[in-house]
There are 2 protein chains.
Amino acid sequence: MAPTLKDVAAHVGVHPSTVSRVLRGKENLKISAKTHDKILKAVKELNYIPDFTARALRMKKSFTIGLIVPDILNPYFARIARRIEQLGFEKKYTVIVCNTDEDQQKEILFLNQLISRGVDGIIIAPVQDSKEHIVDVIDKNIPLVLIDRIFEDINVNSVITNNAESVMKAVTHLVKLGHKRIAFLRGQKNIYTIKNRLAGYKEALKEFNLSLIDNYIVGEGFEFEDGYEATLKLLALPKLPTAIVSSGGDLVTLGAIKAIYEKGLKIPEDISIIAFFDSLYSPFLATPLTTITHYRQKIGEKAFKLLLKQIESSKDMQAKTICVDTKFELRDSTAKPKN
Amino acid sequence: MAPTLKDVAAHVGVHPSTVSRVLRGKENLKISAKTHDKILKAVKELNYIPDFTARALRMKKSFTIGLIVPDILNPYFARIARRIEQLGFEKKYTVIVCNTDEDQQKEILFLNQLISRGVDGIIIAPVQDSKEHIVDVIDKNIPLVLIDRIFEDINVNSVITNNAESVMKAVTHLVKLGHKRIAFLRGQKNIYTIKNRLAGYKEALKEFNLSLIDNYIVGEGFEFEDGYEATLKLLALPKLPTAIVSSGGDLVTLGAIKAIYEKGLKIPEDISIIAFFDSLYSPFLATPLTTITHYRQKIGEKAFKLLLKQIESSKDMQAKTICVDTKFELRDSTAKPKN
DNA sequence: TTGAAACAGACAATCGTTTGCATTAAATAT
DNA sequence: ATATTTAATGCAAACGATTGTCTGTTTCAA
């Protein structure tokens, strides 16, 4: 079996605690250079690898953090996760990624599982069907950071993006091109980001004195099919919109594009589209998409740093909400409307 | 603090071991229905959550598996990872994902870290600069499954795809269209998959009596830039290829497309391309790509099941190598050559 | 009525570390 | 030469579960 501290100690003829101290390094307890060296040599020789589990139990610190997101296949969350994992690696933390698939029950299960595993902190983009389970975690004094989606009435560290503003910018762009009938392809309704994007949409319409048409707001989920069906509905209206703002991300947008093509419409000649979309692929699409892009690495970074600070500070810190900018990337999917 | 077994026991007036047995359920030790119920009630009341760390230490079983891949941002690995995580969830296993960025040193570090954390098993797509560290793990009797990339001289459970054949199919398709000058955009040289794809390429050329032109084999990595630069080199040759087989995945292929467009060439009119590429985006590209697609979920599934069997079987099992098919998806990026 | 079998649960060791405290030996001060 | 620091290490108790063994009751057959 794998050698333990005791084995190393026996090999050198010294007490396990001494070995531990040498390995941990810190403490002001002095160990003679001679035993110090002998121990290190023995560690090498036996190829001793410390047992994190035992250490975690004893120290009540696991050097593990949990990351709960809807779906890591979504490039948005993938990038964020990757950055968090990267930073974690630098700081000796391991990240456990959990995918909820927008399922509240799973979220609760994961949360409990993570707590059970004694994670030092949690970063979560919650499903937002309810929030009690999140509050519970916070009450347990487990460091937690919300990303992307926050509960406005909970005082907790969070990182968000400026959803409303970015949509306003998009609508403004469209209006300046001459669009008057702008639709909003939503994504899942009850999610913070979507609600805010919708709010931005409405606000922009108001600013430009455009009337809000209920039928122009469609979409109920984040999947390809959701975008496809919603857009079909949109394109079946008597009075077609001349532009669409797609706020549901990659899958929804691809679904929308499929629907548009199927109806024999062209982008941007017949219909303009601005989307929240991954910028890696968008330049290569049939019509390179004009997009709203997130600085996803930055989001991951801010979140990790907030969490780390919270983990490392003994007294509770003042909760903070950081807002990360978005970028408007003009490509070819927007043009003047025909009529 | 969080209640422990002891707290629950004290609350009921019973010994911790009894609580443990009730909670674990198994064993044939009988517990009276009365205490059984009292304990469950107390567990609810105190909101007791078992400590996995302690359990793992005692049982030498962490219900954790490690997954080491080059980069989870790559949709290929993302899908595999997602499936593994999903199956893990069903079987109560947590998955720790590590990204090596094709860096051997990182791989070794991760491997040690995972072992240190006492994972029950490891699934890995190795960097393949060397293999000693992998052999070490196997020698430690830690269940391990290789995916995507194997070492042919190590006897260990693995899941691969039929690289050579799939490329042969691709080349055959091109030859039948009339292509004679087919280039091979490689990806990183020393990787098992790439070596095999290249072998398939060569074999196919031989089969059709086409001469192997060294200059037609290019590419040194898996990044966007690698594909871009390599393709530029290709397009600077006096005698241009009429088709490219891109074996390096999404990024490399996008880089290639960029280079092709920049040179003012059209796909497929001027040059055909078949790529190993994510099928979600490919239908929507400027020219929908003809692709070789992996059943990534299946790969994840096979790998997980192999690992699980290995974890659960006490005696060592016969190592197996499973090969998963690929799918050839015909779209618009291939056509007859001009001349 | 007694002895054995079956029940229900307690005890204590253990997993591999870390860490406060105690102890010894050496060094320095008085 | 003795008292006092200080350096270097040992001791043992945690951390929170699991599990083999032991003990004290019942139950029931003979």
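Worth knowing before you read on, the calculation uses all heavy atoms, side chains too, and leaves out hydrogens, waters and symmetry mates. To find a chain, count down the sequence lines: A is the first, B the second, and so on, and within it residues start at 1. In this text the structure is predicted, and so the values were computed from the model without any measurement.
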>> Tell me the interatomic distance from Leu5(A), atom CG, to dT9(D), atom C1', rounded to whole angstroms.
In response: 15 Å
> The side chain of His15(B) lies closest to which of these nucleotides: dG16(D), dT9(D), dA12(C)?
Replying inline: dA12(C)
>> To the nearest 10°, give me the bend of the helix from dT1(C)-dA30(D) to dT30(C)-dA1(D), comparing the axes of its five terminal pairs at either end.
In response: 60°
>> Out of the candidates Ile123(B), Thr321(B), Leu144(B), Val145(B), only one should pair with Ser158(B) under the side-chain contact (heavy atoms from CB on, under 4.5 Å) rule; please name it.
In response: Thr321(B)
>> Between the base of dC11(C) and the side chain of Ser17(B), is there a donor and acceptor pair under 3.5 angstrom?
In response: yes
> Just how far, in rounded Å, is C1' of dA12(C) from NZ of Lys6(B)?
Replying inline: 13 Å
> Separation of Arg117(B) atom CZ from dT17(C) atom C1', in whole Å?
Replying inline: 15 Å
>> I'd like to know if Arg21(B) reaches the base of dG20(D) with its side chain such that a donor and an acceptor end up less than 3.5 angstrom apart.
In response: yes
> Taking only N and O in the side chain of Lys60(B), is any of them less than 4.0 Å away from OP1 or OP2 of dG16(C)?
Replying inline: yes
> Between atom CZ in Arg24(B) and atom P in dG20(D), what is the gap in whole Å?
Replying inline: 15 Å
>> Using the side-chain heavy atoms of Ile31(B), tell me which of these nucleotides is nearest: dG9(C), dA17(D), dT18(D).
In response: dG9(C)
> With a cut-off of under 6.0 Å to the ring centre and 45° to the axis, is Lys106(B) in cation-pi contact with Phe89(A)?
Replying inline: yes
> So, Asp136(B) and Lys131(B), do they make that salt bridge, N to O below 4.0 Å?
Replying inline: no
> Quick one: CD on Glu107(A) to OG on Ser130(A), what's the gap to the nearest 0.5 Å?
Replying inline: 7.5 Å
> Nearest heavy-atom pair of Ile299(B) and Tyr76(B): which atoms, and what distance?
Replying inline: CD1-OH, 3.5 Å
> Taking NZ, NE, NH1 and NH2 as the nitrogens, is one of them in Glu102(A) or Arg149(A) under 4.0 Å from a carboxylate oxygen of the other?
Replying inline: yes
> In whole angstrom, what separates Lys34(B)'s NZ from dG9(C)'s C1'?
Replying inline: 14 Å
> Where along residues 42-55 of chain B does a heavy atom fall under 4.0 Å from DNA chain D?
Replying inline: Tyr48(B), Pro50(B), Asp51(B), Ala54(B), Arg55(B)
>> Measuring to OP1 and OP2 of dA8(C), would you say a side-chain N or O of Thr35(B) lies under 4.0 angstrom away?
In response: no
> Hey, does the side chain of Thr18(A) come within less than 4.0 Å of dA8(D)'s phosphate (OP1/OP2), counting only N and O?
Replying inline: no
>> What is the separation between atom CG on Leu23(B) and atom C1' on dA17(D), rounded to the nearest whole Å?
In response: 11 Å
>> Regarding Asp101(A) and Arg82(B), does a basic nitrogen lie under 4.0 Å from an acidic carboxylate oxygen?
In response: yes
> Which nucleotide, dT19(D), dT18(C), dT9(D), lies nearest any side-chain atom of Ser32(A)?
Replying inline: dT9(D)
Donor-acceptor contacts, no H, no angles, side chain residues 48-70 of chain B, under 3.5 Å, sequence neighbours left out:
| from | atom 1 | to | atom 2 | distance (Å) |
| --- | --- | --- | --- | --- |
| Asp51(B) | OD1 | Thr53(B) | N | 2.7 |
| Asp51(B) | OD1 | Thr53(B) | OG1 | 3.4 |
| Asp51(B) | OD1 | Ala54(B) | N | 3.0 |
| Lys61(B) | NZ | Tyr93(B) | OH | 2.5 |
| Ser62(B) | OG | Thr64(B) | N | 3.3 |
| Ser62(B) | OG | Gly118(B) | O | 2.7 |
| Ser62(B) | OG | Asp120(B) | OD1 | 3.4 |
| Thr64(B) | OG1 | Arg117(A) | NH1 | 2.7 |
| Thr64(B) | OG1 | Ser62(B) | O | 3.0 |

> Toward the 5' end of DNA chain C, which comes first, Leu57(B) or Ala33(B), by nearest nucleotide?
Replying inline: Ala33(B)
> Is Glu301(A) salt-bridged to Lys298(A), going by a charged N under 4.0 Å from an acidic O?
Replying inline: no
